[in-house]
Each structure stands twice: as structure tokens, then as C-alpha cells.
Asker: 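Before we start, here is the structure in question, set down as C-alpha cells.
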Amino acid sequence: MQQVTALKTVDAQRVQFPIPANVYAETVVSVKHYTDRLFSFRVTRPQAFRFRSGEFVMIGLPNAEKPVFRAYSIASPSWDDEIEFFSIKVPDGPLTSELQKIVPGDTLLLRQKSTGTLVLDALTPAKRLFMISTGTGIAPFASLVRDPETYEKFEDVILTHTCRDHAELAYGEELFDQSANDPLIGEMANGRLTLYSSTTREISQRMGRITRLMENGKLYSDLGIAPLNRETDRVMICGSMHMLHDVKALVEAAGFDEGSNNKPADFVVERAFVG
């Protein structure tokens, strides 16, 4: 087995832990802390690792005999040479309590298979694609908005991102700005990708839970567009459990059917991070 030096120190000596079988050991390339609750990081990508934009993968750290693995959406598009993640910091979390301390050069464990429901294959063709997210739920959409296939399948892409305060919206704002100047998708995204951000606690230009903004029509009036319509729209949902439940109820009330990889339809929900 390949050996790697763990971050954990016992009696001032480094402890060696083996890399589990069928797991990639990748190197952290960069880390960026946005707030005391949110950070992103990029790692090297195994040459053999394939994924569809919008999928998630199990990741862990080599800090135990049996490392803790958690599902993380891949925030980078399928064509990227590196793999990007966007994470919350949980002080007593089994993984994030240590993950938030990583620095470039550290080792990250990556399981070899990705999966997930937030993929373009799970939706039938339409004109507009709504990506509804809260917090780090924007991660899979960061992958999809940078994928040319998204703009080949939909004329307009509307990404909503709701957080507690404005500082937590920075990742999405950076993503939007970078997409406009991206050499691969910049021309396609220009004028077709819209970012709609809102806060729930800090007073800002646009406040309110996305469910409320959809229910009272403010989302649509702010953007100058028609309300959700099954004939023209498709919806992807990722974020907090309450938001998933409420937005799912909203779109189903509008006549939308839930899709899957095996049976594409009108909307999809990522439930891997709930509970």
C-alpha cells in the first residue's frame, strides 16, 4: 500500500496511515477562505477520473486508519484539469473540522466513482434552465454554468443563490464574473447566464428566501421574465433541506415532474447532502 504522512501528530512524531484501496490520493493545489464559514479548494485531477458536470464524489483525508468520507459536489466542469470543491466549515464535523485546515501540498482522498442527479441528462429539452441554490448548494451549478453543453441545451440559464449575508454570496459572484470572461464559455454565457442573489439575514438590495421570492413573484418581476412554465422551463435544486422541500412542492404544484438519469423529466433535486 502507498504510505502518506498524516496531519495528526502523536508524541511529536508523524503517524503513517495507508491509502485505502480503490481511492485516489490527490494533492491540494489552492485554498481560498471566503468567510469563517465558507471556503473553496482545488486539487489535482487523476488522469483516469471521469465525471459529468453536476455530479458529486466522496472525499476524505488520510488522517485515520479508516478515513471519514463525505459526499461533495464537484464545482469544476468536466473539462477542467483540476477538481474544485466549495465547502462549509463545521467546527465539530467529522470531516470539515479537519478539512478546513488544509493547505496547498496536503493530500486529499478521492473515491474513484462520481454520481448524482443534477446532470443535464436527467432533464428533457426546454428553453430556460433554473438552478435554485442556497449556501454551498451552488457548487454543482458552478460546474454546470461552466460547461458548454448547458448552453447547447438551454437558451437561458438563471442561477439563484441565497445565503444569510452578503459575504457568503462572494463565491457565486466570482463565478458569474469569471464565466463572462471564460475563453471556453464566455461568449455563450454572455447575456444568457443570469445570477440572482438574495440574503435572508443581512439587509441587502434583495432580501428573502428564494421560496418566498418565487411564491410572491418578485423573482420573476425582478428579472422581467414570465413565471415558471412546464412548457418552457426546467429546474435543478440544491441546498438546505427546507429549501429543497419547499421548492420541490412549488414546482410540482406548477405541474412539473421529477426526472432522473433513467427517466428525464422537468426538474431534479440533489438529496445526497440532506440528513
Asker: Write down the atom of Arg111, the atom of Phe49, and the distance for their closest heavy-atom approach.
Answerer: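 Minimum heavy-atom contact is O-CE1, 3.9 Å.
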
Asker: Are the side chains of Arg45 and Asp81 in contact, using a 4.5 Å heavy-atom criterion?
Answerer: no

Asker: Just one of Arg271, Arg234, Lys263 clears the salt bridge (charged side-chain N to carboxylate O under 4.0 Å, His left out) bar with Glu258, so which one?
Answerer: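 The single option meeting the salt bridge (charged side-chain N to carboxylate O under 4.0 Å, His left out) with Glu258 is Arg271.
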
Asker: Taking all heavy atoms of Leu159 and all of Ser133, pick out the closest pair and write down the distance.
Answerer: CD1-OG, 4.3 Å

Asker: Of all residues at least two apart in sequence or in a different chain, which pass the salt bridge (Lys or Arg N to Asp or Glu O under 4.0 Å) check with Glu82?
Answerer: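 Glu82: salt bridge (Lys or Arg N to Asp or Glu O under 4.0 Å) contacts with Arg42.
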
Asker: Are more than 12 heavy atoms from other residues, nucleotides or ligands located less than 6.0 Å from atom NE2 of His33?
Answerer: yes

Asker: Under a 4.5 Å side-chain heavy-atom rule over Ile, Leu, Val, Met, Phe, Trp and Tyr, are Leu223 and Leu213 clustered together?
Answerer: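 Same hydrophobic cluster.
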
Asker: Quick check for you: to the nearest 0.5 Å, what is the distance between Thr134 atom OG1 and Ile237 atom CD1?
Answerer: 10.5 Å

Asker: In this structure, would Leu244 and Leu228 fall into the same cluster of hydrophobic residues linked by side-chain contacts under 4.5 Å?
Answerer: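 Result: yes, single cluster for both.
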
Asker: Under 4.5 Å between any side-chain heavy atoms of Phe130 and Ile225, yes or no?
Answerer: yes

Asker: Between the side chain of Thr27 and the main-chain N/O of Thr107, is any donor-acceptor distance below 3.5 Å?
Answerer: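 No, because the side chain of Thr27 does not come within donor-acceptor range (under 3.5 Å) of the backbone of Thr107.
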
Asker: Nearest 0.5 angstrom please: Leu250 CG to Met243 CE, how far?
Answerer: 11.0 Å

Asker: Output every pair passing salt bridge (charged side-chain N to carboxylate O under 4.0 Å, His left out) with a member in residues 200-228, not counting sequence neighbours, ordered by first then second residue.
Answerer: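 Found Arg206-Asp222, Lys218-Asp222.
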
Asker: Ignoring hydrogens, what is the shortest heavy-atom contact between Met236 and Leu120? Give both atom names and the distance.
Answerer: CE-N, 4.0 Å

Asker: Quickly, which of Thr194, Leu195, Thr150 forms a side chain to side chain contact (heavy atoms under 4.5 Å, CB included) with Val157? Name it, please.
Answerer: Thr150

Asker: Answer yes or no: is there a side-chain heavy-atom contact under 4.5 Å between Leu129 and Leu123?
Answerer: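 Yes, side chains in contact.
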
Asker: Ignoring hydrogens, what is the shortest heavy-atom contact between Arg164 and Thr199? Give both atom names and the distance.
Answerer: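 It is O-CB, 3.7 Å.
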
Asker: Quick one: does Glu26's side chain get under 4.5 Å of Pro46's, heavy atoms only?
Answerer: yes

Asker: For residues 212-235, which residue pairs qualify under ring pair (Phe, Tyr, Trp, His ring centres under 6.0 Å), counting only residues two or more places apart or in two chains?
Answerer: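 Ring pair (Phe, Tyr, Trp, His ring centres under 6.0 Å) check on residues 212-235 returns no pairs.
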
Asker: Under the rule for salt bridge (Lys or Arg N to Asp or Glu O under 4.0 Å), what residues qualify as partners of Glu149, not counting sequence neighbours?
Answerer: Lys153

Asker: Going from CD1 on Ile59 to CZ on Phe41, what distance comes out if it is rounded to the nearest 0.5 angstrom?
Answerer: 4.0 Å

Asker: Can any side-chain N or O of Asp106 pair as donor or acceptor with the backbone N or O of Val103 at less than 3.5 Å?
Answerer: yes

Asker: Starting from Tyr196, can I reach Leu144 by hopping between I/L/V/M/F/W/Y residues whose side chains sit under 4.5 Å apart?
Answerer: no

Asker: Kindly indicate whether the side chain of Phe85, heavy atoms from C-beta on, has any atom under 4.5 Å from the side chain of Leu99.
Answerer: no

Asker: Using modelled atom types only, decide if a donor and an acceptor are shared between the side chain of Lys66 and the backbone of Pro20 within a distance under 3.5 Å.
Answerer: no

Asker: Can you establish whether the number of heavy atoms outside Glu174 located under 6.0 Å from its atom CD is more than 12?
Answerer: yes

Asker: Using modelled atom types and a 3.5 Å cut-off, is there a donor and acceptor pairing between side-chain atoms of Thr124 and backbone atoms of Pro264?
Answerer: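 Absent.
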
Asker: Output yes when Arg192 and Asp156 qualify as a salt bridge under the 4.0 Å nitrogen-oxygen rule, no when they do not.
Answerer: no

Asker: Does the side chain of Ser73 reach to within under 4.5 Å of the side chain of Ser143, using non-hydrogen atoms?
Answerer: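 SC-SC contact between Ser73 and Ser143 ruled out.
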
Asker: Would you call Arg52 and Asp121 a salt bridge, using N to O less than 4.0 angstrom?
Answerer: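 So Arg52 pairs with Asp121 through a salt bridge.
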
Asker: Search all heavy atoms of Glu270 against all heavy atoms of Cys238 and return the closest pair with its distance.
Answerer: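 Heavy atoms only, the tightest pair is CB-SG, 4.0 Å.
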
Asker: Do Arg230 and Asp257 make a side-chain contact, defined as non-hydrogen atoms from C-beta onward lying under 4.5 Å apart?
Answerer: yes

Asker: Can you hop from Met207 to Ile210 via hydrophobic side chains spaced under 4.5 Å?
Answerer: no

Asker: Using modelled atom types and a 3.5 Å cut-off, is there a donor and acceptor pairing between side-chain atoms of Thr117 and backbone atoms of Ser260?
Answerer: no

Asker: Given the rule that I, L, V, M, F, W and Y join up when any side-chain heavy atoms are under 4.5 Å apart, are Phe256 and Val268 in one cluster?
Answerer: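 No, it is not one cluster - the side chains of Phe256 and Val268 are not joined through contacts under 4.5 Å.
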
Asker: When rounded to the nearest 0.5 angstrom, what is the spacing between CG in Asp233 and CG in Asp266?
Answerer: 10.0 Å

Asker: Can you name the nearest heavy-atom pair linking Ile185 to Val145, along with the distance?
Answerer: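 Looking at all heavy atoms of both residues, the closest pair is CD1-O, 3.6 Å.
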
Asker: Do Thr44 and Val29 make a side-chain contact, defined as non-hydrogen atoms from C-beta onward lying under 4.5 Å apart?
Answerer: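 A side-chain contact under 4.5 Å exists here.
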
Asker: Give every residue pair that meets the ring pair (Phe, Tyr, Trp, His ring centres under 6.0 Å) criterion with at least one member in residues 161-194, sequence neighbours excluded.
Answerer: Tyr34-Tyr171, Phe86-Tyr171

Asker: Nearest 0.5 Å, please: how far is CD1 in Ile74 from OG in Ser53?
Answerer: 9.0 Å

Asker: With sequence neighbours excluded, give me every ring pair (Phe, Tyr, Trp, His ring centres under 6.0 Å) pair touching residues 135-156.
Answerer: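 For residues 135-156, and leaving out neighbouring residues, there are no ring pair (Phe, Tyr, Trp, His ring centres under 6.0 Å) pairs at all.
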
Asker: In Å and rounded to the nearest 0.5 Å, what is the CD to OG1 distance from Glu168 to Thr136?
Answerer: 10.0 Å

Asker: Go through it in stages, so that I can follow the logic: the residues are Leu95 and Tyr72, the test is side chain to side chain contact (heavy atoms under 4.5 Å, CB included), and I'd like the CA-CA distance, side-chain angles, deciding distance and then a yes or no.
Answerer: CA-CA 11 Å; Leu95 176 60; Tyr72 266 72; 4.1 Å; yes

